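Remarks on the structure that follows.
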Amino acid sequence: MKKIIVLLTLFLNSLLVLAQNQDSLFIRSVFSNALTDNTSYENLRTLCKKIGGRIGGSPQAAKTVSWVEETLKKIGADTVYLQPCMVRNWKRGSKEICYATTAKNVKQKFDVCALGGSIGTGVNGIKAGIIEVKSLDELKLLGEEKIKGKIVFFNRPADPTLYNTFRAYGGAADQRFIGPSIAASYGAIASITRSITVVTHKYPHTGIMHYIDSLPKIPAFAISTIDADNLSTIINKDASVKVYLESTCYDMPDTISYNVIAELKGSEFPHEFIDIGAHMDAWDITEGAQDDGCGVVEMMDVIRMYKQLNYKPKHTIRVVEFMDEEMGQRGARVYAESVKKNMEKHIASIESDEGAFLPQGFSFESGDETVEKRFEQWKYLLMPYGLWNFHRGYSGVDISFMNDQKFPLIGLNNDSQRYFNYQHAATDVFESITLRELQLGTASIASLVYLIDKYGF
Ligand SMILES: [Zn+2]
């Protein structure tokens with residue numbers, strides 16, 4: 001009897017070793033394929049250079065939908081279809097203007113842009129005194145008496161001492177997101193927010209702002225970090241300085257757009273899905289290479305790679321290219337609703353929206369303890385490729401609308417040091433992408449999807 005148990009254990013162990021060898025060989029082939037192929041890099045070049053900025057509702061966004069659909073068909077996905085969603089249709093209008101005039105009538109120009117969703121000043125602009133604050137609380141201390149009729153200048157920098165720049169961004173975002181409305185509640189007539197980035201440069205970073213319904217709407221701008229410092233110096237020297245602002249942005253009625261969905265059908269469980277997603281829309285003043293064109297082409301490339309490696313997944317791999325992440329996440333909401341309504345069984349949903357920088361691991365939320373255990377088991381397969389950090393944490397904006405579901409949401413985590421040099425600014429161009437880093441992103445996702453497909457959670 002003892003002998004049988006020993007033999008059985010040996011047999012099972014050898015099976016395990018065989019499976020582990022198979023896994024490590026497959027993952028090796030995924031990385032080799034990615035690092036010797038430039039399809040996604042060339043796809044990204046087309047998206048950035050032939051289409052460019054593509055905010056929801058724009059003709060460029062419509063072009064992107066067609067191009068993504070066509071490209072996924074060419075790659076050989078089994079099914080490609082569009083999922084309609086209504087999106088906000090905000091237009092920037094002409095290039096914004098900002099300058100300060102001192103008491104001695106000296107004019108100084110600043111680099112600004114309207115925040116996404118802002119109303120415009122109109123062609124006659126706004127000229128007023130300005131008051132600098134570092135927080136929303138400071139507005140309360142100053143009160144209506146000091147703020148009324150003025151432009152409020154939010155100038156708290158993203159905290160450069162934080163290692164993770166997403167944390168630094170999050171810590172300053174209130175000034176952009178609800179700052180304008182709170183300023184308006186004290187009688188401000190416009191607002192300027194320091195761009196949320198840890199670098200000092202001349203490029204303003206846009207991004208969505210939100211008007212609180214019960215409060216007056218005022219035009220809202222972002223100023224480059226270097227000009228935020230310059231403006232602050234001027235105000236400190238001369239409190240009587242007047243600032244001129246001009247923007248012509250406006251909203252058109254909501255319009256139809258689409259998520260693009262493509263599937264590689266599962267051989268054993270075609271009705272069980274592993275989602276891999278990114279967002280197609282990007283701010284109009286960018287080419288949307290880092291945010292989030294790279295994610296879009298990475299997900300397409302997983303399909304290309306599996307086909308080339310002749311890997312037939314057991315579950316259906318579903319690429320979801322979302323629309324409207326930047327303005328209102330309408331595409332993500334529609335997709336999450338459809339998953340719920342159709343009672344689809346999903347194994348996991350993975351998002352890539354941290355640019356094309358060196359991948360370091362995955363964060364995960366929801367799901368049960370098995371998820372943590374699985375990552376622990378898979379660590380030794382992924383660590384040789386620089387993937388070492390697996391932790392509970394936020395996964396991504398688009399898939400976050402499925403956080404009431406039982407399956408885990410997973411985000412690809414990249415080195416964050418350079419992301420905010422580019423996000424939402426004119427610096428976010430194709431030339432900022434490094435081919436190898438982009439390909440490592442694709443390979444990281446393809447490897448994880450392989451493991452999830454084989455072992456589940
Ligand atoms: Zn993004």
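Remember, it's a predicted structure, so these values are computed and weren't measured experimentally. Every number for a ligand or one of its atoms is a count from 1 in the order of the listing.
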request  = Would you please indicate if the ring centroids of Tyr394 and Phe166 are separated by under 6.0 Å?
outcome  = no

ask   = Which protein N, O or S atoms does the Zn ion (ligand 1) have within a distance shorter than 2.8 Å?
value = His279 NE2, Asp291 OD1, Asp353 OD1, Asp353 OD2

ask   = Under 4.0 Å between a Lys/Arg side-chain N and an Asp/Glu carboxylate O for Arg392 and Glu365?
value = no

key: Pairs touching residues 215-225 that satisfy side chain to side chain donor-acceptor pair (under 3.5 Å), sequence neighbours left out   = none

Whether Tyr311 and Tyr306 hold their rings parallel, tilted or perpendicular, with breakpoints at 30° and 60° = perpendicular

remark   = Only one of Leu72, Val260, Thr442 passes side chain to side chain contact (heavy atoms under 4.5 Å, CB included) with Met300, and that residue is Leu72

note = When Phe273, Tyr258, Phe322 are each screened for ring pair (Phe, Tyr, Trp, His ring centres under 6.0 Å) with Tyr335, the one that passes is Phe322

